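For reference, the structure is listed below as structure tokens.
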Amino acid sequence: MSIKKIYSTMEYGPAPESATSAMDWIKDHKGKFDLYIDGKWQAPLSKKYFETENPANKDHLAKVADAEGSDVDKAIKAARKALKGWVELGAHGRARYLYAIARQVQKHSRLFAVLESLDNGKTIRETRDIDIPLVARHFYHHAGWAQLKDTEFKEFKEVGVVGQIIPWNFPMMMLSWKIAPALAMGNTLVMKPAENTPLTALLFAEICNQVGLPAGVVNMITGDGKAGNELVIHKDVNKIAFTGSTGVGRIIRKATAGTGKKISLELGGKSPFIVFDDADLDSAVEGIVDAIWFNQGQVCCAGSRLLVQESIAEKFYKKVRARMEKLRIGNSLDKAVDIGAIVSPQQLRTIEEMVKKGVKEGGKLFQPSWACPTDGYFYPPTLFTNVTPSSTISQVEIFGPVLVAMSFRTHEEALKLANNTRYGLAASVWTENINLALDLAPRIKAGTVWINCTNVFDAASGFGGYRESGFGREGGREGLHEYMKPRYEDQLLAKPVVRNQKSSKSTRTDIPQIDRTAKMYMGGKQSRPDGGYSMTVKDFAGNPIGEVGEGNRKDIRNAVEAAHAGSKWTGMTGHARAQVLYYMAENLAARGDEFAARLQQSIGVSQADANEEVELSIQRIYTYAAMADKYDGHVHHTITRNVTLAMPEALGVMGIVCTDEFPLLGFISTVIPAIAMGNCVVAIPSETAPLSATDLYQVFDTSDLPGGVVNIITGKKDELTPTLADHDDIDGMWYFGSKEGSKLVEEKSAENMKRTWVNNGKHRNWIDVKQGEGEAFLRRATQIKNIWIPYGA
Amino acid sequence: MAKTRIKRNEGTPLDLDLIREIRVNRSAVERRAGTMGKRRTVKKEWQAAWLIRAISCIDLTTLAGDDTPGNVVRLCAKAMHPVREDLVQGLGFSPEDIKVGAVCVYHNLIKTAVDTLEGSSIPVAAVSTGFPAGQITHRQKLNEIRASVKAGAKEIDIVISRAKVLAGDWRGLYKEVQEFREACGEAHMKTILATGELSTLTNVAKASHVCMMAGADFIKTSTGKESVNATMPVSIVMVRAIREYYERTGFKVGYKPAGGIRKAKQAVEWLIMIKEELGDEWLSNELFRFGASGLLTDIERQLEHHLTGRYSSSYRHPMA
């Protein structure tokens with residue numbers, strides 16, 4: 001085209017980034033890649049390879065090894081072999097390697113960016129300006145954590161061999177989010193990149209080789225879901241980290257249940273993007289571009305549900321439509337396009353079908369007037385208005401450039417709409433009123449809340465979900481815990497702690513006592529069991545000493561409802577909760593002798609042991625009363641001008657199945673930290689000695705504990721636990737019981753992705769402060785919410 | 001320069017409710033500003049064409065205490081022949097196709113400029129109203145405008161009273177600018193906000209709207225004399241105000257960033273911003289100007305590079 005012609009039209013022209021270096025790199029490998037195991041490139045035992053293509057033009061890129069079970073096994077063996085040396089290398093040694101990796105990524109940043117763009121179809125602007133810089137940043141940041149491991153986390157150790165499975169939407173970024181913290185904390189790993197986008201991971205493996213990373217520390221196995229499954233079920237893997245769909249996350253949760261494997265899952269989302277009438281609307285429109293047309297909308301935390309205040313809705317939609325006309329779509333290597341290609345024909349079909357469904361259900365569709373290129377897998381930016389929460393497209397994660405819009409009248413309604421989802425990955429709130437923003441941020445059920453910004457990430461901040469968006473955090477201090485474990489875990493016992501039993505038989509008098517019936521406790525009131533059955537409680541010698549209600553499904557249901565009704569507790573200040581807890585300790589102390597006698601009676605411990613258990617219970621309440629206003633999160637040093645808060649929030653309603661062995665201390669050690677953090681609890685006390693727990697409700701009543709905060713259901717553990725683990729309105733569950741029970745809890749929790757903490761049949765010495773109390777309990781009773789608040793007048 | 005086809009902004013009554021409701025989020029605007037030149041780029045022929053378009057939008061400017069008729073004559077000569085003739089032809093244009101948007105001088109040099117530019121159709125713009133600080137009486141300001149119009153200036157670049165913005169005296173600002181506009185008569189009025197002295201982007205947005213309501217033909221960032229001049233975030237805020245004003249009234253107000261734009265690459269970024277936020281229609285010198293002196297030389301070097309493939313030097317291009 002002549003310059004003069006362009007001068008008159010002022011159109012944009014092509015601006016291609018060269019693919020030459022990336023294609024040369026592929027050529028250098030003869031277009032064929034093996035598995036990276038034990039520091040060597042090894043042909044797959046399967047002898048099979050699959051093809052990877054460029055979704056922007058369907059060009060074949062390379063053949064990549066298709067790992068089978070035996071390959072995965074080989075990789076895990078290599079990681080296991082390398083673990084000892086990697087741990088012994090020490091914090092500084094590991095820091096040096098991570099630093100070297102960061103430098104190499106930075107030095108080869110354009111090669112990574114181009115290769116990523118070719119393999120995934122995402123725009124070069126994004127890989128060049130966002131993905132790869134974040135990758136380098138992640139390794140730099142974690143080189144720092146590696147250095148600080150021994151000073152900051154003295155009481156923790158590596159988890160061991162880690163299996164990591166990453167998705168195709170941010171291949172390198174997800175790789176770095178998983179590999180950097182794993183290595184920094186002293187783990188070795190086997191990673192499986194997504195089959196659609198394996199190339200940059202292979203380049204990364206090459207870099208590991210270049211920096212001389214010891215063989216076996218990082219192993220890269222390419223393949224499909226079958227290889228991923230082999231990794232998940234392999235006996236010698238200590239942890240699985242997965243990012244992907246909620247469906248697969250659920251399968252992984254179930255497959256690892258009861259194995260003792262640590263898991264972290266970063267899953268799907270349907271994140272709200274909330275615009276108030278006092279927002280900077282033009283900026284909010286750009287926010288939408290970043291929210292749903294970033295990476296073609298194939299982003300787990302994409303702001304895909306637009307919620308606009310009714311008074312400005314039409315005006316705002318008009319602005320969004322005008323902006324959509326200006327978006328440019330095209331070859332991912334064109335430096336002047338906003339939207340690249342959808343990763344695969346399957347994904348494109350999914351999007352097309354969802355949009356069809358949206359239209360069928362009455363949604364009003366808008367797409368820009370321009371046409372998409374036809375040589376690759378492209379889909380235009382799409383806006384649906386006239387949508388309600390009942391529409392399929394406003395519930396289901398589409399994972400494409402499709403935005404659904406709804407309006408709201410008040411901020412309370414906005415909040416309800418925002419939380420009307422199974423997911424809880426992220427949210428974006430646009431208002432110039434900081435009071436409004438900070439009113440909503442803690443009440444939105446999402447792991448990340450962006451105020452007046454969206455899709456902002458940094459290595460110093462955590463990222464992860466609430467609800468069915470998974471659990472665990474990646475990034476920041478909070479993310480490191482996914483890759484380490486408390487040292488005391490190795491000391492947990494296979495059998496319960498044996499305590500001295502009194503030599504004498506239990507005491508009985510001939511005068512009948514007044515019948516004291518221990519009822520259950522719900523919503524601050526004593527309540528009879530729904531089924532109308534009671535069970536006899538016996539002392540250590542088998543003599544009946546009382547009766548408790550035999551709880552059933554409906555009691556659990558009622559207790560969970562009572563717990564939700566008590567949620568005012570969550571909103572109380574730490575100080576106010578501490579006051580209640582101190583009062584509780586005071587009242588327990590006043591009745592210490594009675595509780596000690598109960599312990600002597602029911603489990604037959606010596607008076608000294610009984611007194612010790614009561615005394616420790618009081619101390620433990622003190623500890624958590626003290627922590628109630630001190631376990632308070634961080635302000636992270638992220639790299640844009642903003643305050644990034646890391647706020648520990650209560651999980652919500654928790655189910656706690658207490659240990660049988662320490663009827664009082666076991667109950668106190670678990671229920672109290674949970675409520676100290678603001679949770680409401682449904683507790684199943686010791687099955688064999690429940691009276692210490694039921695005695696407590698009088699202490700609760702006299703301590704101003706609001707109704708519903710603690711609910712006690714007595715009965716048979718094995719019957720009550722499944723109902724609790726199954727309950728979709730329970731956010732977290734702790735289980736201290738049998739190995740089988742632990743497995744069951746983890747399995748059943750998969751349905752609503754409740755956070756679980758189980759003992760896998762191992763026993764704590766609850767007397768020991770290291771095992772029986774501390775930060776671990778608080779961390780398990782909370783989840784971190786990261787709130788990003790940019791500022792500037 | 002083509003004869004004006006744009007319907008001139010007649011202004012509107014002062015709408016204080018609208019001013020009160022203006023919200024600008026600085027961080028979000030900065031994020032947009034930061035990606036403007038990253039989301040779009042022009043290469044090869046497109047780059048050359050866009051750079052020539054940039055030249056046509058330059059208000060070639062000299063505003064120095066030591067300006068004399070001598071250097072102003074030189075500036076005018078450059079304005080009429082901004083690019084070396086061999087390059088012009090190499091790019092497929094004829095010499096009369098490529099001219100700058102205007103020549104911008106102080107009042108005392110209007111006559112020199114008008115005389116030198118005679119027959120070229122390049123308008124002379126004069127800075128006015130006690131430029132750059134505007135710290136003279138309102139009456140003096142009006143007189144200065146009238147004198148400059150009389151001396152032959154077709155465009156008047158006025159400065160607003162920053163104090164009125166900082167005090168939130170929107171009525172006062174409205175009245176001031178309205179009277180300036182009246183004094184300008186047929187001459188087009190560019191309203192300099194001196195954004196570097198307005199403290200916040202919200203103030204920039206509010207001042208932009210008030211000036212447009214008062215009848216500004218252009219809104220302009222700065223005098224070039226403040227410590228912070230045309231920045232991308234400020235520009236985004238101002239052009240969004242222009243867009244909103246257009247949607248509300250149907251009047252197209254022009255935009256002029258001034259000060260600090262020295263490189264061809266920056267010029268392209270600004271054109272991209274205009275295209276993205278306002279649309280193609282604003283990509284002409286009727287609605288868009290660069291206030292610049294050094295920019296032209298860098299563009300000439302880039303154009304030569306486009307033709308020869310060699311990096312050029314400034315001494316190969318006739319100076320202004």
Side-chain angles (χ1 to χ4, degrees), chain A residues 1-17 123-126 128-130 276-287 289-290 315 318-319 322-323 325-328 334-338 430-433 451-454 456 640-642 788-793, chain B residues 21-35 38-53 55-56 90-94 97-98 199-203 205 233 236-237 239-241 243-244 247 271-272 274-277 279-284 303 306-307:
Chain A
M1 208 184 297
S2 84
I3 296 174
K4 207 164 175 179
K5 178 86 195 300
I6 302 167
Y7 175 80
S8 68
T9 62
M10 288 298 283
E11 277 172 4
Y12 292 118
E17 171 80 32
T123 66
I124 183 72
R125 176 191 80 90
E126 290 177 11
R128 179 196 64 197
D129 296 346
I130 299 170
F276 286 95
D277 62 358
D278 64 350
D280 173 351
L281 297 187
D282 290 317
S283 287
V285 170
E286 291 307 320
V289 174
D290 286 334
K315 180 181 179 184
K318 204 174 143 206
K319 280 178 184 284
R323 183 68 181 90
E325 285 288 349
K326 299 255 178 187
L327 291 169
R328 302 187 78 233
D334 190 318
K335 288 181 271 193
V337 300
D338 299 296
W430 293 73
T431 167
E432 288 302 299
N433 179 350
I451 311 290
N452 293 320
C453 60
T454 196
V456 191
T640 48
R641 189 186 63 222
N642 78 98
W788 296 66
I789 314 164
Y791 56 86
Chain B
E21 279 169 17
I22 285 170
R23 300 282 186 280
V24 180
N25 186 283
R26 181 173 147 202
S27 296
V29 169
E30 285 175 353
R31 184 173 168 90
R32 172 69 166 148
T35 55
K38 308 273 188 184
R39 282 183 179 271
R40 297 285 182 270
T41 183
V42 281
K43 300 288 177 198
K44 304 207 156 102
E45 290 85 354
W46 282 267
Q47 190 178 68
W50 280 55
L51 288 174
I52 296 167
R53 181 59 73 108
I55 292 174
S56 77
L91 293 162
F93 286 75
S94 32
D97 293 338
I98 305 180
S199 171
T200 64
L201 290 178
T202 307
N203 276 348
I236 287 174
V237 169
V239 304
R240 284 177 178 173
R243 184 173 70 201
E244 174 119 13
E247 284 166 3
L271 291 174
I272 286 171
I274 296 294
K275 184 177 169 79
E276 291 294 315
E277 293 279 334
D280 290 354
E281 203 174 349
W282 264 266
L283 289 174
S284 86
L303 289 175
H306 173 76
L307 288 174

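Every value quoted in this text rests on a predicted model; they were computed, and no experiment measured them. Chain letters run A, B, ... following the sequence lines, proteins first and then strands; every chain starts at 1.
With sequence neighbours excluded, no residue forms a ring pair (Phe, Tyr, Trp, His ring centres under 6.0 Å) with B:Trp46. Scanning for salt bridge (Lys or Arg N to Asp or Glu O under 4.0 Å) contacts around A:Asp278 gives an empty result, with sequence neighbours left out.
When heavy atoms are compared at a cutoff of 4.5 Å, A:Lys319 approaches chain B solely by way of its side chain, counted from C-beta outward. Only the side chain of B:Glu244 comes within contact range of chain A, with heavy atoms under 4.5 Å apart. Using a 4.5 Å cut-off between heavy atoms, B:Arg53 touches chain A through backbone and side chain atoms alike. Proximity to chain B is absent for every atom of A:Thr123, based on heavy atoms less than 4.5 angstrom apart. If you measure heavy-atom distances from B:Arg31 to chain A, the contacts under 4.5 Å come from the side chain alone. Neither the backbone nor the side chain of A:Pro16 comes within contact range of chain B; no heavy atom of the residue lies under 4.5 Å from a heavy atom of that chain. Looking at B:Asn25, both its backbone and its side chain come within 4.5 Å of chain A, counting heavy atoms on both sides. With a 4.5 angstrom heavy-atom cutoff, A:Ala279 touches chain B only via backbone atoms. In this structure, the portion of A:Thr9 lying under 4.5 Å from any heavy atom of chain B is its backbone and not its side chain. In this structure, no portion of A:Ile451 lies under 4.5 Å from any heavy atom of chain B. Contact of B:Glu21 with chain A is not made at all, since no heavy-atom distance falls under 4.5 Å. For chain B, the nearby parts of A:Arg328 are the backbone and the side chain; heavy atoms of each come within less than 4.5 Å. Residue contact with chain A, scored on non-hydrogen atoms closer than 4.5 Å, involves the side chain of B:Thr35 exclusively. There is no contact between B:Leu51 and chain A, counting heavy-atom distances below 4.5 Å.
Salt-bridge annotation for A:Lys4 and B:Asp97: present, with a side-chain N of the basic residue lying under 4.0 Å from a carboxylate O of the acidic one. We find that B:Glu247 and A:Lys318 are not joined by a salt bridge, their nearest charged nitrogen and carboxylate oxygen being 4.0 Å or further apart.
The two residues B:Arg40 and A:Tyr12 make their nearest non-hydrogen contact at CD-CZ, 3.5 Å. Scanning both residues, A:Ile3 and B:Ile52, for their nearest heavy atoms gives CG2-CD1, 4.0 Å. Here the closest heavy-atom approach between residue A:Ala793 and residue B:Arg26 is recorded as O-CD, 3.0 Å. Residues B:Lys43 and A:Pro14 come closest through the heavy atom pair CB-O, 4.1 Å. Nearest heavy-atom pair across A:Asp282 and B:Arg240 is CB-CD, 3.5 Å. Here the closest heavy-atom approach between residue B:Ala28 and residue A:Asn452 is recorded as CB-O, 4.2 Å.
Not one N or O on the side chain of B:Thr41 forms a donor-acceptor pair closer than 3.5 Å with the backbone of A:Ala336.
A:Val289 is listed as a side-chain neighbour of B:Arg39, based on a closest heavy-atom distance under 4.5 Å. Side-chain atoms of A:Ile6 and B:Val42, non-hydrogen and from C-beta on, never get closer than 4.5 Å to each other. In this structure, the side chains of B:Ser284 and A:Met10 stay at 4.5 Å or more apart for every pair of heavy atoms.
Considering OG of A:Ser283 and CZ of B:Arg23, their distance stands at 13.0 Å, rounded to 0.5 Å. The structure places CG of B:Asp280 at 10.5 Å from OG of A:Ser8, a figure rounded to the nearest 0.5 Å.
Of all the listed residues (B:Lys44, B:Lys275, B:Glu30), the one sharing the greatest number of non-hydrogen pairs under 4.5 Å with chain A is B:Lys275. Ranked by non-hydrogen atom pairs under 4.5 Å with chain A, the options B:Lys38, B:His306, B:Arg243 are led by B:Lys38. When A:Leu281, A:Asp129, A:Asp290 are compared by the number of non-hydrogen pairs under 4.5 Å with chain B, A:Asp290 comes out ahead.
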